[in-house]
Amino acid sequence: MKGSAAALGTAALFDAVRMAFPGGVPSAYAAAPETTKAILGYIALMDASPLVIAKEKGLFAKHGVPDVEVTKQASWGATRDNLVLGGEKNGIDGAHILSPMPYLISTGKVTQNSVPTPMYLLARLNLDAQAVSVSNEYKDLKVTTDAKALKEAFAKKKADGKEVKVAMTFPGGTHDLWIRYWLASAGIDPDKDVSTIVVPPPQMVANMKVGNMDAFCVGEPWNEQLVNQGIGFTACTTGEIWKNHPEKALGMRADFVEKNPNTTRAILKAVMEAQQWCDKMENKQELAEIVGKRQWFNVPVADIIGRLKGDINYGNGRVVKGSDQYMKFWKDHASYPFKSHDAWFVTEDIRWGKFDPSTDINALVNKVNREDIWREAAKELGLPASDIPAGTSRGKETFFDGKVFDPADPQAYLKSLGIKRVDA
């Protein structure tokens, strides 16, 4: 094969290799990574599992990038700050990240002095499996996706001179959007009727234990841990708000991707393989044992395994076994970064004032979302056609309260919420 390289040319040679290996191009034949190192951040949440497994199972090494580091971050704010710094300045090159964050960072909406740091969103890491949890103070109200009973309870608490606090993990991030949607659907204004506070995921349970909050939204294993410790209950999973909703993503600095395209695809292929491993039910126990280790999440397996398999004890007498409300890492095209999903995140962040109503949603999504790189990596992996979506849109999405988001007309969704473009 070496002797034919000059005659075929590099591109033709790799085409020949791909034909010789229809099940996927071995890493030894893939374009050599520009660097074998990258620093990826993660938060102790179950949707970071693909990064952990890619490291633990040697998948980064398999794809020619053995020096990829997966480093714990203290909070989403720290993740943002380290992404702005970049790996060359003792920060990080990419991260397990809340899906809206690459957009907020790229536009400078959440960075120091509003200075943009261009980022790319390369893959989705999971669907579903976050939850809204509520203090036991409200246990008798039987709150579910329907939070209307809390409207009066919160109003009474405020009238008594007490502050009502609901926590999320980052302004404009997924958990912020889920709890805002849930509150607003019950007629509770998250900007006026309650105080919305930011708490890092691993600190949620401890803060509710000492009475610092009335409700929170976060990913697992923290909702399950809350119930196991008898501190609060789960009102609803976020999949009950929007079934098969997108959640975390793999985001990387745009300059790293542009400088290291082969390395980027190698990282992406390792993560995609890890997602497939994580998705298999027979691997769930081992997955819980790995991520529960002290160097990763430092969480007992008992606080992980139930909801990882779809067994949910809501903590208020409701117990569901074998539900479909478990985290999807690969099933239902979970890994693919649909642009229509990102369009909803940007639109919802317009709703809550993070982006201006005049924002060109499609232009922003097209700039940040690099589903084309995902497709390139998928082809190099030799994925079957069934694992690669035909298009970049999932079409219309329907929420539990009947609202419909059409990515072809996000302005109609905003108008239904009483929000108009400033130039309309």
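Values below: all heavy atoms of this structure, side chains included; hydrogens, waters and symmetry mates excluded. Quantities reported herein were computed from a predicted structural model and do not represent experimental measurements.
- Aromatic ring centres of Trp178 and Trp344 lie closer together than 6.0 Å.
- Between Ser335 and Gln275, the side chains place a donor N or O and an acceptor N or O closer than 3.5 Å (distance only, hydrogens not considered).
- Between atom CG of residue Leu104 and atom CG of residue Leu98 there is a gap of 9.5 Å, rounded to the nearest 0.5 Å.
- The environment of Glu88 atom CD is sparse: at most 12 non-hydrogen atoms of other residues, nucleotides or ligands sit within 6.0 angstrom.
- Looking at Thr145, its side chain never comes within 3.5 Å of a backbone N or O of Cys236 through a donor-acceptor pair.
- Rounded to the nearest 0.5 Å, atoms CG (Leu59) and CG (Leu51) are 11.0 Å apart.
- Between His341 and Phe338, the ring planes lie perpendicular to each other; the angle is over 60°, past the 30° to 60° tilted range.
- When side chains are defined from C-beta on, Phe154 counts as touching Leu183, because their heavy atoms get closer than 4.5 Å.
- Side chain of Asn260 to backbone of Thr263: no donor-acceptor contact under 3.5 angstrom is found.
- Using a 4.5 Å cut-off on side-chain heavy atoms (C-beta onward), Leu40 and Ile92 make no contact.
- For the residue pair Glu371/Tyr336, the side-chain donor-acceptor check at 3.5 Å is satisfied.
- Judged purely by atom type and a 3.5 angstrom limit, Lys151 uses its side chain to pair as donor or acceptor with the backbone of Gly187.
- In this structure, Leu150 and Trp182 have side chains that are in contact, with non-hydrogen atoms separated by less than 4.5 Å.
- Other residues, nucleotides and ligands contribute at most 12 non-hydrogen atoms within 6.0 Å of the NZ atom of Lys367.
- Asp342 places no side-chain N or O within donor-acceptor distance of the main-chain N or O of Val365, the cut-off being under 3.5 Å.
- Residues Phe405 and Tyr413 place their aromatic rings such that the two centres sit under 6.0 Å apart.
- In plain terms, the two heavy atoms of Pro200 and Ser75 that are nearest each other are CG-CB, 3.9 Å.
- Between Lys280 and Glu273 no salt bridge is recorded (no basic side-chain N to carboxylate O distance below 4.0 Å).
- Nearest heavy atom pair, residue Thr111 against residue Pro116, reads OG1-N, 4.3 Å.
- When side chains are defined from C-beta on, Ser393 counts as touching Pro407, because their heavy atoms get closer than 4.5 Å.
- In this structure, the side chain of Asp214 does not engage the main chain of Val166 through any donor-acceptor pair within 3.5 Å.
- The cationic group of Lys328 lies under 6.0 Å from the six-membered ring centre of Tyr326 and within 45° of the ring axis, placing it in a cation-pi geometry.
- Under the side-chain hydrogen bond (donor to acceptor under 3.5 Å, both in side chains) test applied with Thr234, the options Arg307, Glu240, Arg318 reduce to a single match, Arg307.
- Put simply, the residue from Thr237, Asp324, Thr238 that forms a side-chain hydrogen bond (donor to acceptor under 3.5 Å, both in side chains) with Lys243 is Asp324.
- A donor-acceptor pair under 3.5 Å links the side-chain atoms of Thr347 to the main chain of Ala343, judged by distance alone.
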For this session: Report the C-alpha distance between Glu34 and Lys259 in whole Å, list the side-chain angles of each, state the deciding distance to 0.1 Å, and finish with yes or no for salt bridge (charged side-chain N to carboxylate O under 4.0 Å, His left out).
Result: CA-CA 8 Å; Glu34 297 82 5; Lys259 184 179 178 181; over 6 Å; no
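- Side chain of Thr398 to backbone of Gly402: no donor-acceptor contact under 3.5 angstrom is found.
- Stacking of Arg253 on the aromatic ring of Phe256 is not recorded, the 6.0 Å distance cut-off and the 45° axial limit not both being met.
- The two residues Tyr181 and Ile241 make their nearest non-hydrogen contact at CD2-CG2, 4.1 Å.
- Put simply, CG on Asn90 and CG on Asn82 are 9.5 Å apart, with the number rounded to the nearest 0.5 Å.
- Using a cutoff of 4.0 Å between basic side-chain nitrogens and carboxylate oxygens, Lys57 and Glu286 are scored as salt-bridged.
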Exercise. What do the steps show when you test Asp356 against Ser358 for side chain to side chain donor-acceptor pair (under 3.5 Å), and what is the final call?
Worked result: CA-CA 5 Å; Asp356 190 272; Ser358 63; 2.6 Å; yes
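- Between Asn369 and Tyr120, the side chains place no donor N or O within less than 3.5 Å of an acceptor N or O (distance only, hydrogens not considered).
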For this session: Dump the intermediate steps for side-chain contact (heavy atoms from CB on, under 4.5 Å) on Val110 and Phe170, then the final yes or no.
Result: CA-CA 10 Å; Val110 295; Phe170 189 83; 3.9 Å; yes
For this session: Could you go through the side chain to side chain donor-acceptor pair (under 3.5 Å) check for Trp296 and Glu56 one step at a time?
Result: CA-CA 11 Å; Trp296 294 115; Glu56 285 269 345; 2.6 Å; yes
Exercise. Ser99 and Arg124: side chain to side chain donor-acceptor pair (under 3.5 Å), yes or no, with the steps?
Worked result: CA-CA 8 Å; Ser99 283; Arg124 204 77 61 193; 2.9 Å; yes
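- No donor-acceptor pair closer than 3.5 Å links the side chain of Asp47 to the backbone N or O of Asn126.
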For this session: Before giving the answer on salt bridge (charged side-chain N to carboxylate O under 4.0 Å, His left out), spell out for Glu258 and Arg370 the whole-Å C-alpha distance, their side-chain angles and the decisive distance to 0.1 Å.
Result: CA-CA 12 Å; Glu258 298 295 348; Arg370 293 302 305 271; 3.8 Å; yes
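- Inter-residue side-chain proximity for Glu247 and Asp128 is flagged as unmet; no heavy-atom pair is nearer than 4.5 Å.
- Counting only distance, with no hydrogens or angles, the side chain of Thr196 and the backbone of Pro190 share a donor-acceptor pair below 3.5 Å.
- Between Trp242 and Phe345, the ring planes are tilted. Angles from 30° to 60° get that label.
- Ion pairing between Asp67 and Lys37 fails under the 4.0 Å rule for side-chain N and carboxylate O.
- For Asn366 (side chain) and Asn362 (main-chain N/O), a donor-acceptor pair under 3.5 Å exists by modelled atom type.
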For this session: Report the C-alpha distance between Ser133 and Asn223 in whole Å, list the side-chain angles of each, state the deciding distance to 0.1 Å, and finish with yes or no for side chain to side chain donor-acceptor pair (under 3.5 Å).
Result: CA-CA 6 Å; Ser133 288; Asn223 300 283; 2.7 Å; yes
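- Using a 4.5 Å heavy-atom threshold, the side chains of Gln225 and Val299 count as touching.
- The shortest side-chain heavy-atom distance between Tyr103 and Phe355 falls under the 4.5 Å cut-off.
- If you look at Trp76 and His96, their ring centroids are closer than 6.0 Å.
- Between the side chains of Gln276 and Lys331, no donor N or O sits under 3.5 Å from an acceptor N or O.
- The number of heavy-atom neighbours closer than 6.0 Å to CD of Gln112, taken from other residues, nucleotides and ligands shown, is 12 or below.
- Checked against Arg180 for a salt bridge (charged side-chain N to carboxylate O under 4.0 Å, His left out), the options Asp191, Asp193, Asp189 give a single hit: Asp191.
- Between Thr79 and Tyr42, the closest side-chain pair of non-hydrogen atoms is not below 4.5 Å.
- Using a 4.0 Å cut-off between charged side-chain N and carboxylate O, Lys269 and Glu376 make no salt bridge.
- Salt-bridge formation is not detected for the pair Asp311/Lys309: no Lys NZ or Arg NE/NH1/NH2 atom is positioned less than 4.0 Å from an Asp or Glu carboxylate oxygen.
- The pair Lys293-Glu289 does not meet the salt-bridge criterion, since no charged nitrogen lies less than 4.0 angstrom from a carboxylate oxygen.
- The only member of Met252, Met119, Arg265 that meets side chain to side chain contact (heavy atoms under 4.5 Å, CB included) when paired with Val257 is Met252.
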